**Student:** 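Here it is, the structure in full.
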Amino acid sequence: QVQLVESGGGSVQAGGSLRLSCVCSGSIHISCNDMGWYRQAPGKQRELVATITVGGSTNYAAYAAGRFTISRDSAKNTAYLQMNNLKPEDTAVYYCNADVMRGAMNYGIYWGQGKQVTVSS
């Protein structure tokens, strides 16, 4: 069993900041390699926010670059998303995902349950 548990998020006024955390864990010995954050606003498709490799290389959606920062603590299998200068259009459910390995075997891609982020104007 693999679990991704997100925390953080909530409500903030425009211009404010929020931080999301995602802990990747399992009942068997696994490693959580590439991790990422995605979001889904009401009536819209899920979209990429940012990703980070196990080596720390990052990739951002254009709207997130310069405002959001993805980071990780690989020892804790935890990824973070620091969101600054939030805008009302950032309102969405934010999901964490991870590319999970068991030894050299690809174990699959897993998703968290999602955390609501609401930005008011």
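This structure is a prediction, so every number in the text was calculated from the model and none was measured. Heads up: numbering here begins at 1 and tracks the sequence.
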**Student:** For Arg39, which residues count as a salt bridge (Lys or Arg N to Asp or Glu O under 4.0 Å) partner, sequence neighbours excluded?
**Tutor:** Glu47, Asp90

**Student:** What closest approach, in Å, do Arg102 and His29 show between heavy atoms, and which atom pair accounts for it?
**Tutor:** CG-O, 3.4 Å

**Student:** Check the pair Tyr107 / Ile28 against side-chain contact (heavy atoms from CB on, under 4.5 Å), numbers first and verdict last.
**Tutor:** CA-CA 11 Å; Tyr107 206 68; Ile28 55 174; 3.3 Å; yes

**Student:** If you define the side chain from C-beta out and look only at heavy atoms, does anything of Asn97 sit under 4.5 Å from Tyr38?
**Tutor:** yes

**Student:** Calculate, to the nearest 0.5 Å, the distance between atoms SG and OH belonging to Cys96 and Tyr110 respectively.
**Tutor:**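 Atom-to-atom, Cys96:SG and Tyr110:OH are 14.0 Å apart.
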
**Student:** For the residue pair Leu48 and Ala50, what are the closest heavy atoms and their distance?
**Tutor:** CD1-N, 3.8 Å

**Student:** Within a reach of under 6.0 Å around CD of Gln3, are more than 12 heavy atoms found that belong to other residues, nucleotides or ligands?
**Tutor:**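 Check fails, neighbour count at 12 or below.
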
**Student:** Looking only at non-hydrogen atoms, find the nearest pair between Cys24 and Val100 and report the distance.
**Tutor:**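 Minimum heavy-atom contact is SG-CG2, 4.3 Å.
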
**Student:** Kindly say whether Thr53 contributes a backbone atom to a donor-acceptor pair with the side chain of Arg72 at under 3.5 angstrom?
**Tutor:**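 Yes.
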
**Student:** Just grab all the side chain to side chain donor-acceptor pair (under 3.5 Å) pairs involving residues 7-25, residues at least two apart or on different chains.
**Tutor:**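 Applying side chain to side chain donor-acceptor pair (under 3.5 Å) to every pair that reaches into residues 7-25, excluding sequence neighbours, yields Ser17-Asn84.
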
**Student:** Using modelled atom types and a 3.5 Å cut-off, is there a donor and acceptor pairing between side-chain atoms of Gln40 and backbone atoms of Gln45?
**Tutor:**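 Side chain of Gln40 to backbone of Gln45: no pair is present.
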
**Student:** Taking only residues at least two apart or on different chains, which pairs with a member in residues 112-121 satisfy side chain to side chain donor-acceptor pair (under 3.5 Å)?
**Tutor:**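 Passing the test, one end in residues 112-121: Gln116-Thr118.
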
**Student:** Connecting only ILVMFWY residues whose side-chain heavy atoms lie within less than 4.5 Å of each other, what is the rest of Tyr80's hydrophobic cluster?
**Tutor:** none

**Student:** If you link ILVMFWY side chains whenever their heavy atoms are less than 4.5 Å apart, which other residues fall into the same cluster as Leu81? By chain and number, please.
**Tutor:**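 Besides Leu81, the hydrophobic cluster comprises Val12, Leu18, Leu20, Met35, Trp37, Val49, Ile52, Tyr60, Tyr63, Phe68, Ile70, Met83, Leu86, Tyr94, Val117, Val119, listed by chain and residue number.
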
**Student:** Val23: what forms a side-chain contact (heavy atoms from CB on, under 4.5 Å) with it, not counting sequence neighbours?
**Tutor:** Thr78

**Student:** In the single-linkage hydrophobic clustering (I, L, V, M, F, W, Y; side-chain heavy atoms under 4.5 Å), do Met105 and Ile109 co-cluster?
**Tutor:**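 No, because Met105 and Ile109 fall into different hydrophobic clusters, even though each may have its own neighbours under 4.5 Å.
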
